[in-house]
Amino acid sequence: MDDINFCPTCGKNLEPGAAYCPACGSRLNDPVADAKEERIMNAANDERIKIAAIVLLIFSSLSIISGIYVYLDPLGLLASLGSIYDMLLDYLTEAELTAIMRQAAVMSMVTGIAGITSAWLAWKRRFWVVALILCLIVSLFGMIFCLIAAWFIYKAKPAFAD
């Protein structure tokens, strides 16, 4: 142990080799306790990253699959809604409605790709800021559950290499 002349918590003068501050009880440079705290923090960060990645992968995959489905049959989903489809056709042509649905489908697929990228960055523990921003962007485009993943990425930022 290093000899500390004063307590970093309360500032009280210490005896050389003291393990605890006699005034406030703060632990002073206990490598065993520090290592245990680090292991606990690493385990918590690992769990956070796993949860974030799983949530992102599930909802991003659903976003990509639904985007592909809508892109391939843009009016099929709307036509199954009956009166809503008829109401939309009162204001838009079928070609305009098809274009809008395809744009929405592309957005859904891009959002899914951003979510999968965020999950990959989190899993690899790289660029936590980029992973967090992508996750938040995904959340803005309708995948509210990805806010949970964003929170876990933010809380696990010490586990990231950069």
Side-chain angles (χ1 to χ4, degrees), residues 8-9 24 26-162:
T9 304
C24 70
S26 292
R27 188 181 69 237
L28 308 169
N29 291 340
D30 183 353
V32 173
D34 292 344
K36 182 179 178 185
E37 284 181 25
E38 186 175 338
R39 282 194 309 276
I40 290 169
M41 181 60 85
N42 287 341
N45 286 337
D46 286 346
E47 279 302 307
R48 289 176 181 136
I49 289 169
K50 284 178 189 175
I51 291 169
I54 289 168
V55 167
L56 283 164
L57 288 174
I58 289 170
F59 289 101
S60 296
S61 298
L62 291 173
S63 182
I64 291 171
I65 291 167
S66 65
I68 291 170
Y69 174 78
V70 171
Y71 191 85
L72 294 176
D73 188 13
L75 299 180
L77 179 65
L78 286 177
S80 69
L81 298 176
S83 61
I84 294 174
Y85 177 70
D86 294 336
M87 182 188 70
L88 289 171
L89 286 177
D90 288 342
Y91 299 99
L92 301 167
T93 67
E94 211 169 270
E96 291 170 330
L97 197 52
T98 298
I100 290 169
M101 291 302 289
R102 283 207 167 128
Q103 288 172 351
V106 168
M107 259 328 250
S108 180
M109 289 183 278
V110 168
T111 300
I113 291 167
I116 289 173
T117 303
S118 179
W120 182 78
L121 290 172
W123 194 262
K124 291 293 188 175
R125 290 164 178 79
R126 300 292 309 217
F127 307 110
W128 76 270
V129 173
V130 176
L132 179 65
I133 290 170
L134 285 173
C135 196
L136 291 172
I137 289 169
V138 168
S139 296
L140 289 174
F141 285 100
M143 293 197 296
I144 195 73
F145 291 102
C146 291
L147 284 175
I148 296 166
W151 174 250
F152 283 122
I153 289 171
Y154 175 74
K155 292 300 283 182
K157 67 183 176 186
F160 285 72
D162 42 12

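Nothing here was measured: the structure is a model prediction, and the numbers come from that model.
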Contacts under 3.5 angstrom, residues 114-123 side chains, donor-acceptor by atom type, not counting sequence neighbours:
{"from": "Thr117", "atom 1": "OG1", "to": "Ile113", "atom 2": "O", "distance (Å)": "2.8"}
{"from": "Ser118", "atom 1": "OG", "to": "Ala131", "atom 2": "O", "distance (Å)": "2.7"}

Determine all donor-acceptor pairs shorter than 3.5 Å in which one atom belongs to a side chain in residues 76-90; sequence neighbours excluded.
{"from": "Ser80", "atom 1": "OG", "to": "Leu77", "atom 2": "O", "distance (Å)": "2.5"}
{"from": "Tyr85", "atom 1": "OH", "to": "Glu94", "atom 2": "OE1", "distance (Å)": "3.2"}

Identify every side-chain donor-acceptor pair in residues 64-71 under 3.5 Å, counting partners at least two apart or on other chains, and give the distances.
{"from": "Ser66", "atom 1": "OG", "to": "Leu62", "atom 2": "O", "distance (Å)": "3.0"}
{"from": "Ser66", "atom 1": "OG", "to": "Ser63", "atom 2": "O", "distance (Å)": "3.1"}

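Taking CG from Leu132 and CD1 from Ile137, the interatomic distance works out to 10.0 Å, rounded to the nearest 0.5 Å. With values rounded to the nearest 0.5 angstrom, Ile49 atom CD1 is found 12.0 Å from Leu56 atom CG. In this structure, Leu75 CG and Leu97 CG are separated by 5.0 Å, a value rounded to the nearest 0.5 Å. Interatomic distance, CG of Leu134 versus CZ of Phe127, reported as 12.0 Å (0.5 Å rounding). Note that the OG atom of Ser108 and the CD atom of Gln103 stand 13.5 Å from one another [nearest 0.5 Å]. Note that the CD1 atom of Ile54 and the NZ atom of Lys50 stand 8.0 Å from one another [nearest 0.5 Å].
Taking the side chain to side chain contact (heavy atoms under 4.5 Å, CB included) definition, one finds that Glu96 meets it with Leu92, Thr93, sequence neighbours left out. A search for salt bridge (Lys or Arg N to Asp or Glu O under 4.0 Å) contacts involving Asp46 returns Arg125, not counting sequence neighbours.
Between Thr111 and Ser60 the shortest side-chain heavy-atom distance does not fall below 4.5 Å.
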